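What follows is one structure encoded as structure tokens, with my remarks underneath.
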Amino acid sequence: KVPMERSLVLSCVAVLCGAFRVDEGAPRPHIVFVLADDLGLYDTQVYNPHSPTPFLANLSTNGLLLDYHYVFRYCSPTRRSFLSGRFPNHVSSVQPDGNNLCSDFLPLAFTILPEKLASVGYKNHFVGKGHLGYETTDHLPINRGFLSHTGYLGGGESYYHGISGSGYDMWLNDKPAVNVVDSIYYSANYFTESAQKVIEEFSAESTEEDDPSRLFLYFPIQNVHSPYQLPPEWETKDFPDFPFSTYAQMLHLLDTSVQNVTETLMSTNLWDNTLMLFSADNGGIGTFGNNYPLRGHKHDPWEGGIRVTAFLAGGFLPASLRGQHSGPKMVHVADWYATFCALAGADPENDVDINGTVRGVDSVNVWPLLTGANSTQPRAVTPMTETAIIEITSDGTWWKLVTLAGQSNRYTTSGDQVPGQDPCLSGAQPDPYEPGRTDPIVNGPGKGGKGCPVCNSSFPCLYSLLDDPSESNNVAKGYPDVVGRLVGPLEAATYYISGHLPNATLEANYTKFPKGVWGNFSGPCYTRKEGVARPRRSL
């Protein structure tokens, strides 16, 4: 077997096409989104010079580093936010796997991003982790705007053979990948080769210079989510400058995966018109993940849980932005819905009646902000989690209000974790009500196993983020007007979806699969009845 890593002349990353400005006659980009799983802010060489990820460092150096890129405090809500253009608070913080796998937490009523892009000629492909909820076969990516789907439906599994619990979780389009799992010797290899195949086949089919079709590749790779497993022996290397050997190998495979996908885009002559977004889905976690210099980790409303490594690269990126930092310009993961729609020429609006109330997207087009065409932040207030919200005022102050959070920890550049020193508040405040939530807001050590809350609704925390990015100085007592101004919008930013199709809809339009229909693979619970058409959604 041949190692996944290939040679690459790094200088070719810097040889990108000329600057691009958005106007009526401008070319549309191929769009590639690489979403890393549970990646700490200080895990890659983008910030950490000792990380075994040199390609990511070079790619980001020749791209635009997004200094303030925000996601949800954990996995699935981030992914559903990206695809729907809604804040995670609105699509709920439930994790749709296990007993929640058969669910509608990315509602069929929504027109999701690939459907928008397909309406203007994009060919969309999905390779990697789902974690979106699949109540029916209509929920499968292949039925929601993607031409192909290779990956697993749940939130985590072994890197070998698609093993999930006592069974398997790996799908190819509309069926379990029964004939594939035995050959998956490490998921990063399998997913990377699948993504390369998508790129090569798209390029082969799009030979005409005036071909209007464009590629959208959604590539949520498994690395570096637990379980922490070594890649095959022929791919392991020695990284003496990085403190955790297994984690170093997993980071290296992430790096070479992005390298190989990028190299394939270059060799197929797609790179010069590609916009690549790289991001993590949340902050790092556990013994290995390092979010230095931020406070907290995955599951926390602290910056370490929600502000992540992210950058733009590719030939579509204007030359004036390459090698630059975005600076204090907020981008939320939901904003790529409207941004990619705008660049593709698709209508970003998607007003949907949910239980008698029309709900639109929360996404805003951040391309003018990032390119300097507009210096004003397009949205002043952004709910980040159930108990955290950020306001950017007209004078450039960034306020962050936290109404419930645990002690958590801080980090050093060497990977050590430093326990927090804030006093624990007496008594336990329950998490905001949300049926099905499995990941508590206050976590970690504390009295009675309930954690150590250091902010709550009675004693909130307020930080001036640009002055205090590590959230060390709670200024809530000095700015009661700011606290009062932000409490209302945060409390109003709650979920409005149920997570399941109405029983009447299921009874009228779907048939429940018999138990065991997918064998020992995970899968949806219902299929559309023969002769019942799928409802048309606005594009």
Side-chain angles (χ1 to χ4, degrees), residues 38-44 47-48 50-51 70-75 224-228 241-248 250-251 280-309 384-388 390 400-431 437-465 467-477:
D38 286 6
L39 185 71
L41 187 76
Y42 202 69
D43 282 348
T44 71
Y47 296 108
N48 180 356
H50 300 298
S51 172
Y70 284 90
V71 295
F72 194 65
R73 61 189 182 93
Y74 53 77
C75 192
V224 285
H225 194 285
S226 63
Y228 302 110
D241 294 333
F242 199 82
F244 308 115
S245 177
T246 299
Y247 201 58
M250 298 173 73
L251 288 168
D281 65 338
N282 46 249
I285 183 67
T287 302
F288 307 129
N290 189 341
N291 299 308
Y292 175 86
L294 305 178
R295 177 181 188 173
H297 49 72
K298 174 184 178 180
H299 298 123
D300 286 338
W302 303 116
E303 292 290 279
I306 62 175
R307 181 178 154 198
V308 296
T309 298
M384 293 297 171
T385 76
E386 311 96 316
T387 61
I390 293 177
K400 179 178 179 182
L401 176 69
V402 181
T403 59
L404 184 63
Q407 179 74 267
S408 202
N409 58 275
R410 303 180 189 276
Y411 301 84
T412 68
T413 56
S414 61
D416 297 325
Q417 297 186 11
V418 180
Q421 299 298 319
D422 291 358
C424 299
L425 299 174
S426 60
Q429 175 182 309
D431 289 356
R437 183 194 285 115
T438 55
D439 299 67
I441 295 169
V442 176
N443 53 78
K447 294 180 179 179
K450 295 182 178 180
C452 166
V454 298
C455 313
N456 63 23
S457 58
S458 300
F459 299 96
C461 297
L462 182 71
Y463 303 95
S464 179
L465 278 183
D467 300 321
D468 183 21
S470 62
E471 297 169 294
S472 301
N473 183 26
N474 179 10
V475 298
K477 291 183 179 179

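All of these numbers come straight from a predicted model, not from anything done at the bench. By convention here, the first residue in the shown sequence is residue 1.
When side chains are defined from C-beta on, L41 counts as touching P293, because their heavy atoms get closer than 4.5 Å. Contact annotation: the side chain of V442 approaches that of L404 to within less than 4.5 Å [non-hydrogen atoms, C-beta and beyond]. Side chains of M384 and P301 form no contact here, defined as non-hydrogen atoms less than 4.5 Å apart. Between V224 and F288, every side-chain heavy-atom pair lies at or beyond the 4.5 Å cut-off. Side-chain contact between R307 and I390 is absent, with no heavy-atom pair separated by less than 4.5 Å.
Side-chain atoms of S470 do not come within 3.5 Å of backbone N or O of L294 as any donor-acceptor pair. Checked by atom type and distance alone, the side chain of W302 pairs as donor or acceptor with a backbone atom of G406 at under 3.5 Å. Checked by atom type and distance alone, the side chain of E471 pairs as donor or acceptor with a backbone atom of E303 at under 3.5 Å.
Among all heavy-atom pairs drawn from Q421 and P419, the shortest one is NE2-O, 3.3 Å. The heavy-atom pair separating P243 from S414 by the smallest distance is CG-O, 3.6 Å. In this structure, G289 and Y247 approach most closely via the heavy-atom pair CA-OH, 3.8 Å. Scanning both residues, G415 and F244, for their nearest heavy atoms gives O-CZ, 4.2 Å. Of all heavy-atom pairs spanning I306 and F72, the tightest one is CG2-C, 3.9 Å. T44 and S51 make their closest contact through CA-OG, 3.3 Å (heavy atoms, listed as atom of the first residue, atom of the second, distance).
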### Query
After noting the C-alpha distance and the side-chain angles of D43 and T309, does the key distance pass the side chain to side chain contact (heavy atoms under 4.5 Å, CB included) rule?
CA-CA 9 Å; D43 282 348; T309 298; over 6 Å; no
### Task
Any chance you could lay out the side chain to side chain contact (heavy atoms under 4.5 Å, CB included) test for V418 and N409, step after step, and finish with the verdict?
CA-CA 6 Å; V418 180; N409 58 275; 6.0 Å; no
### Message
Pair N474, F459 - check side chain to side chain contact (heavy atoms under 4.5 Å, CB included), show working.
### Response
CA-CA 10 Å; N474 179 10; F459 299 96; over 6 Å; no
### Task
Give the intermediate values and the outcome of side chain to side chain contact (heavy atoms under 4.5 Å, CB included) for residues I441 and T385.
CA-CA 9 Å; I441 295 169; T385 76; 6.0 Å; no
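Taken from CG in L465 to NZ in K400, the straight-line distance is 6.0 Å, to the nearest 0.5 Å. Taking OG1 of T413 as the start and OH of Y47 as the end, the distance is 15.5 Å to the nearest 0.5 Å. Here the straight-line distance linking atom SG of C461 with atom NZ of K477 works out to 10.5 Å at 0.5 Å rounding. Here Y74 contributes atom OH and R437 contributes atom CZ; the two are 6.0 Å apart, rounded to the nearest 0.5 Å. From S408, atom OG reaches atom NE2 of H297 across 3.5 Å, with rounding to the nearest 0.5 Å.
Evaluation of the side-chain hydrogen bond (donor to acceptor under 3.5 Å, both in side chains) test over residues 283-292, restricted to residues two or more places apart or in two chains, returns N291-Y411. Legend: salt bridge (Lys or Arg N to Asp or Glu O under 4.0 Å) pairs involving residues 401-424, not counting sequence neighbours, sorted by first then second residue: R295-D422.
The side-chain contact (heavy atoms from CB on, under 4.5 Å) check on N473 picks up D468, V475, with sequence neighbours excluded. Partners of S226 according to the side-chain contact (heavy atoms from CB on, under 4.5 Å) rule, which considers only residues two or more places apart in sequence or in another chain, are Y228. For R73, the side-chain hydrogen bond (donor to acceptor under 3.5 Å, both in side chains) partners two or more places apart in sequence, or in a different chain, are E386. Annotation: disulfide (SG to SG under 2.5 Å) contacts of C75 (sequence neighbours excluded): none. For A280, the side-chain contact (heavy atoms from CB on, under 4.5 Å) partners at least two apart in sequence or on another chain are L39, V308. Residues meeting the side-chain hydrogen bond (donor to acceptor under 3.5 Å, both in side chains) test with D38, sequence neighbours left out: N282, K298. Listed by chain and number, the residues in a side-chain hydrogen bond (donor to acceptor under 3.5 Å, both in side chains) with T246 amount to none (sequence neighbours excluded). Remark: S458 engages N456 in a side-chain contact (heavy atoms from CB on, under 4.5 Å) (not counting sequence neighbours). Residues satisfying the side-chain hydrogen bond (donor to acceptor under 3.5 Å, both in side chains) test with H225, not counting sequence neighbours, are none.
For the 3.5 Å distance criterion, the side chains of S464 and D467 qualify, holding a donor opposite an acceptor.
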